[in-house]
Engineer: 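Before I ask anything, let me first share the structure, which is written out below as structure tokens.
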Amino acid sequence: MNKETRATVIAGNWKMNKTPAETAALINDMKPLVGAADWCKVLLCVPYVDIAAAVEAAKGSNIEIGAENMHWEASGAYTGEISADMLKAVGVKYVIIGHSERRQYFAETDATVNLKVKAALAAGLTPIMCVGETLEQRDLGIMPEIIAMQTKCGLIGIDAEEMKKVIIAYEPVWAIGTGRTATADQADEVCGIIRNTLCGLYDCATAEAVTIQYGGSMNAKNAAELLSKKNVDGGLIGGASLKAPDFAAIVDAAK
Ligand code: 13P
């Protein structure tokens, strides 16, 4: 199996942006621009309160809706949290797990990432599990170990069949929101490290089937080169997913 047989997934991560009304307007702007894209999956991960508006606005189009986080328990006394079943009930299909901003600002660990990946799969959601090194870790020369560790720890207890339903996003922390993109070769190298790790954890056929995205200052200008790389199967896009023409240009670049 090679890149042509893996799903290419272009996903927006809106982070903490947009009201429900703004959500509907932006998706209505995007629909005609990405509507013909049958060469990749197109999805938007939006804040919880925007999900209903997003699902409604995306109806009848190729845009699917995801969430940006979830809790691992099914229900209970977890003030402020949202479960996988709740997300599913409002039309969510994908959920970002372990984004570096959640690890950095909300004390998420590889252990909680693992619990969330398992809970998402159990509920029938596709987890987009994020991994990525800091600049300090890269400069220390321990990027390969950090990436392998985050990948292995996040996937404890996930079997090969389940693994085929997981998306992994490589997001170097130093490239997020900084305008400093990894080069296409750097992105390809680390997505390859992730794939090799999966090859060791499972088998190489399973590893070859997994969609591995790159994220970090991906934009209309650099997307085509990043997405042309053997191991880069899509993008997880922050800032550029908040503007319809920019996001559409990245979707086009995946052709
Ligand atoms: P930017 O595209 O804004 O750098 O954000 C990347 C990201 O964190 C996507 O999850």
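Nothing here was measured: the structure is a model prediction, and the numbers come from that model. When a ligand or atom number is given, it counts from 1 through the structure's own listing order.
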Engineer: Identify the closest protein heavy atom to atom 7 (C) of ligand 1: which residue and atom is it, and at what distance?
Structural biologist: E171 OE2, 3.2 Å

Engineer: Take E108 and R103, measure what salt bridge (charged side-chain N to carboxylate O under 4.0 Å, His left out) needs, and give me the verdict at the end.
Structural biologist: CA-CA 4 Å; E108 294 216 11; R103 295 180 191 249; over 6 Å; no

Engineer: Under the rule for salt bridge (Lys or Arg N to Asp or Glu O under 4.0 Å), what residues qualify as partners of E68, not counting sequence neighbours?
Structural biologist: none

Engineer: Output yes when D29 and K243 qualify as a salt bridge under the 4.0 Å nitrogen-oxygen rule, no when they do not.
Structural biologist: no

Engineer: With distance as the sole test, does Q186 use its side chain to make a donor-acceptor pair with the main-chain N or O of T183 at under 3.5 Å?
Structural biologist: yes

Engineer: Strictly by disulfide (SG to SG under 2.5 Å), give each pair with a member in residues 194-243 just once, sequence neighbours left out.
Structural biologist: C199-C204

Engineer: I'd like to know if R6 and D233 make a salt bridge, using a cut-off of under 4.0 Å between side-chain N and carboxylate O.
Structural biologist: yes

Engineer: If you measure from each non-hydrogen atom of N13 to ligand 1, which part falls under 4.0 Å: side chain, backbone, both or neither?
Structural biologist: side chain

Engineer: Work out whether the distance between some heavy atom of S217 and some atom of ligand 1 is less than 4.0 Å.
Structural biologist: yes

Engineer: Starting from atom 5 (O) of ligand 1, what is the nearest protein heavy atom, named by residue and atom, and what distance separates them?
Structural biologist: K15 NZ, 3.1 Å

Engineer: At what distance is the nearest protein heavy atom to atom 3 (O) of ligand 1, and which residue and atom is it?
Structural biologist: G239 N, 2.8 Å

Engineer: With heavy atoms under 4.0 Å as the rule, classify the contact between A169 and ligand 1 as side chain, backbone, both or neither.
Structural biologist: neither

Engineer: Heavy-atom contacts with G216 under 4.0 Å: which atoms of ligand 1 show up? List them by number with element.
Structural biologist: 4 (O), 6 (C)

Engineer: With nothing but distance in play, are any N or O atoms of G177 less than 3.5 Å from an N or O of ligand 1?
Structural biologist: yes

Engineer: Test your reading of the model: is there a side-chain donor-acceptor pair from N222 to the backbone of S217, 3.5 Å cut-off?
Structural biologist: yes

Engineer: Can you list the ligand 1 atoms lying under 4.0 Å from a non-hydrogen atom of H99?
Structural biologist: 7 (C), 8 (O), 9 (C), 10 (O)

Engineer: Report yes if some N/O of G238 lies less than 3.5 Å from some N/O of ligand 1; otherwise report no.
Structural biologist: yes

Engineer: To the nearest 0.5 Å, what is the distance between CD1 (I167) and CD1 (I128)?
Structural biologist: 4.5 Å

Engineer: Is A175 in contact with ligand 1, taking contact as a heavy-atom separation below 4.0 Å?
Structural biologist: yes

Engineer: With atoms numbered from 1 as shown, which atoms in ligand 1 lie under 4.0 angstrom from a non-hydrogen atom of L236?
Structural biologist: 9 (C), 10 (O)

Engineer: Can you check whether E101 has an N/O within less than 3.5 Å of an N/O in ligand 1?
Structural biologist: no

